[in-house]
Each structure stands twice: as structure tokens, then as C-alpha cells.
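Here the structure is laid out as C-alpha cells; the discussion comes afterwards.
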There are 2 protein chains.
Amino acid sequence: MSYGDAMTSRARGRGTERRAEIVRAALEVIAERGYRGASLAAVAERVGLTQQGLMHHFPTKEALLVAVLEERDRWDALPAGRLRLDLLASLVEYNAMRPGVIQTFSALLGESVTEGHPARGFFTERYGRVRESMAEVLRAEYGERLPGGLTPERAAPLVVAMLDGLQYQWLLDPGSVDMAEAFRDFLALLGGAPDGSPGGS
Amino acid sequence: MSYGDAMTSRARGRGTERRAEIVRAALEVIAERGYRGASLAAVAERVGLTQQGLMHHFPTKEALLVAVLEERDRWDALPAGRLRLDLLASLVEYNAMRPGVIQTFSALLGESVTEGHPARGFFTERYGRVRESMAEVLRAEYGERLPGGLTPERAAPLVVAMLDGLQYQWLLDPGSVDMAEAFRDFLALLGGAPDGSPGGS
DNA sequence: CGGAACCTACCGATCACCAGGGAGCGGGGG
DNA sequence: CCCCCGCTCCCTGGTGATCGGTAGGTTCCG
């Protein structure tokens, strides 16, 4: 009985593909149990491996987390450069259909504020960058002074905070918070609400 | 050698006081390690007990968490009824001086979105209530239509989200985010920024 | 034949929790 | 007044499960 029953025969691009599978599984497990609650065994089982088989690809649990975080970085590296605010709203709408990713990183963000959490540095640095690029987006959209009277640098953390905060409320009770709509409401506020009533429902 | 060396002799109000000590310690430990990462032994050590001594007062770990959450409920039950927005801003300022509490509940909120977390129900219900009472506050302040054109019900989740989101950014990097200032910026936005520049640096 | 991939077996640490006992105090009956 | 009883409080000791990680082997492919 060889262990490659249905695997070795198939064309496997090499270990790289396996690693990607593992990272995907880790993302799921972290979404369900958080990083501290996620066991290597649970991740391994999801890809049909033993825990030690997994550790052949990622020597430590933290290494796996790093891979997950890097995946995230790669994921939103694209829109970092050029992005418009209305696109951001659509992105929120899109994310609302993929609860897994949001939940993973909301859980990680929550954990990361605790002492000595391995993702803390990642998030700290990331939020710094995100605020900067958000300020750029705002500057491109509104110039040096937003309609509300704020500078891009002062408004940027607000936009970021709104995104995160809405995510938590939505994750806790998707039925009672329409993330995309709420975020558009906020954007209207930021952009100096053009008229009285922004929309239906 | 009795274990009550410095304890039994002192006037001890009875077990109630001990329970309060334990809850306080649990709050600290949860702030540092999250709920899943917090061990009963660590909490016990902080109040000078063994883990089993602690379990005399709280039969399970979850019971201890419930006590912590109830403490929170009691804490912000006061301003729930009547509150004004500018008071809310001051509250943010006050909270910024007590990072422990914020960190505890930010960590718990992050964990609570994971599957089967014992605090999930608490937060879901709590946020529902908070949104409602926030809508009332907004209605009292601005009436049925806020300056931005939103109804109180639609603006409420935005205010709550802003509070939470800012907390995370602030916890990650207190130096680069002024929570109270940022929140005031947001309130200015909500209240229809009166003029061009709300304030200095 | 060498290395990548994955295994079995094992390790010490830590976890929440259980079982049972002993110290101290307060109260009620002799 | 004293003594004993019962309750609260907290301890020692131990259990099974699970954790991340180690050691060393085996299979398969190029």
C-alpha cells in the first residue's frame, strides 16, 4: 500500500502545489478556530496528510502562518497601487460573498493585538502601509482637502477603521448589517453627501 | 503552615471579593493572550491561587469567561440609557488611558467570530443592542434625518464600526493613530462638518 | 542513487478538569 | 463556656487528551 494512491499518479506540479493546498486549508482552519485554536493536525487532515507530513513542507506552525499572511499580501498587492473609492465599495461587496477570507483575517487581527502574537508585526506594518496608500487614494479622488474638511492623512485611518469595524458586525450577524451598503453610506459622508437621500431600502 | 498566612487574618468580605479579584485577573490574562490562549493556571497564579483553588469559584473556564463578560455588561450599562455624542468622544479618550480593557474585548471580539466560540452569542446580542441604543442617541441628537442625509438606524452601525476599527489600529500602533481625535473627525463628518478646518494637528 | 515527499513512533509540555482531603470559621446544643 | 458539626475555601495529586515538534525510516521519481 503506497500512500500516493490517488495523488502520485496525477500530474503534480511538485511540492509547490501541495504547499498551496496546505495554505488554503490553513486559511480555512484559522477562519474556524483562529490561529491559536488551529492545530497542525486539523490542517493536515484537511489536505489528506498527517501532521508530520505537513511539517515536511512547513517546519513550524509559525512558518505556516507566515505563508498564509504572505498569501494575503500577494492578494491585495494588486489594488494597492491604483484604486478608486467606488471600486473599494465593490470590493467590499465582493468580499461579502467570500466570508472565509474575511473571517480568517478578522480572527487573526483580533488575536494579533495580544502579547507576542506572531502576526502582530505583520498587521502593524500592514496597517501602516494601508493607511498610506488609502491616503493616496483619497488625495487622488479629492485633492488635498476632502469635502468634509479633512486631509487625506486624517481621513485614511477612518476609512480603514470603517472597513474593519463593519466586518466584525457583519461576521457576527450577517443578517442585520449590510456591509456594502453601510460602507457606501460612509463614503457618501466622506464625499460630502450630495443630496438628502442616498438610496432605497 | 496554613495557607491563609496573610489572607485569613485580614477582613475578607467573603468569597465574593475573591471572585472579583479573579475576574480582574482573568481580564488581564485575556488581554495578554486571548481567551483560548489564557490558561486557568495563569489566572490563578495572578491572584495567588492554584488552578484548582480557582475552580472552586468558577467550575469551568467558560464560567469564568461569562463572569468577565457580565462585568463588561455592568460596566457600560450605565451610559446605555442616556448619552450624548460628545460624551462618547470623551469616553474614547478615557478608554485610551486604559488599554487593558480595550485590548481584552478587542481580542475577545476577534476570537468570537470563530466557530463555536463561547463569547459569540454574547457579542452578537450585544452589538444588536448597542446599535439600537446608538440609533437612539443619534435620533436624540439630530432627529430623524442626520445632516449627512442618513437615518439614525443606518448611521448607528457606522459609529459602532468606527469605534471598533479605530481600537484595532490604535492597539497595533498607538503612536500613529490618535483614537480620540480620529473619532472626533468622524463625528464631525456625521454631523455635517460645520466649516473647513475642524482643528489643529 | 539522491533527494523530495510522507510515513510511524515518540517526546515533554500543557491543557481543562476530577477526586478527595484538610484547615478554618460560625453557629447551635449541651 | 465548650465542643462538635457543617460549610466555605483551597490544597495535593492525578487523568486523559492534545499540543507542537523531533527522530528516523520508507517509498517514489528523476
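Residue numbering restarts at 1 for every chain, and letters A, B, ... go by the order of the sequence lines.
Taking a 4.0 Å limit (strictly below) on heavy-atom distances, residues 22-31 of chain B does not reach DNA chain C anywhere. Against DNA chain C, the stretch residues 36-55 of chain A makes heavy-atom approaches under 4.0 Å through A/Leu49, A/Thr50, A/Gln52, A/Gly53.
Looking at A/Thr124, its side chain never comes within 3.5 Å of a backbone N or O of B/Asp173 through a donor-acceptor pair. Of the possible polar contacts, none joining the A/Ser106 side chain to the A/Gln103 backbone as a donor-acceptor pair under 3.5 Å is found.
Take A/Glu93 and apply the side-chain contact (heavy atoms from CB on, under 4.5 Å) test, not counting sequence neighbours, and it matches A/Ala180, A/Arg184. Residues satisfying the side-chain contact (heavy atoms from CB on, under 4.5 Å) test with A/Val130, not counting sequence neighbours, are A/Arg126, A/Val160. Annotation: ring-ring contact (aromatic ring centres under 6.0 Å, His included) contacts of A/Phe186 (sequence neighbours excluded): none. With sequence neighbours excluded, the residues forming a side-chain contact (heavy atoms from CB on, under 4.5 Å) with B/Glu141 are B/Arg84, B/Leu85, listed by chain and number. The side-chain contact (heavy atoms from CB on, under 4.5 Å) search around A/Arg139 returns A/Glu136, A/Glu144, A/Pro152, A/Glu153, not counting sequence neighbours. Contacts of A/His57 classified as ring-ring contact (aromatic ring centres under 6.0 Å, His included), with partners at least two apart in sequence or in another chain: none. Partners of A/Arg24 by salt bridge (Lys or Arg N to Asp or Glu O under 4.0 Å), not counting sequence neighbours: none found.
At C/dA4, none of the side-chain N or O atoms of A/Arg18 fall inside 4.0 Å of OP1 or OP2 (strictly under the cut-off). For D/dC9, the OP1/OP2 oxygens have a side-chain nitrogen or oxygen of B/His56 closer than 4.0 Å. Proximity of A/His57 to the phosphate of C/dA4: no side-chain N or O atom is located under 4.0 Å from OP1 or OP2.
Protein atom CD of B/Glu17 is 16 Å distant from nucleotide atom C1' of D/dC10, rounded to whole Å. The interatomic distance linking A/Arg33 (CZ) with D/dC19 (C1') rounds to 13 Å, in whole Å. Atoms CZ (B/Phe58) and P (C/dC17) sit 13 Å apart, rounded to a whole Å. Protein atom OH of B/Tyr35 is 13 Å distant from nucleotide atom P of C/dC15, rounded to whole Å.
Contacts classified as ring-ring contact (aromatic ring centres under 6.0 Å, His included) and involving residues 152-180 of chain B (residues at least two apart or in different chains) are given here: A/Tyr168-B/Tyr168. Screening residues 22-46 of chain A for ring-ring contact (aromatic ring centres under 6.0 Å, His included), with sequence neighbours left out, gives A/Tyr35-A/His117.
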If you restrict it to nitrogen or oxygen atoms, what contacts under 3.5 Å exist between nucleotides 11-13 of chain C and the protein, and what is each distance?
none

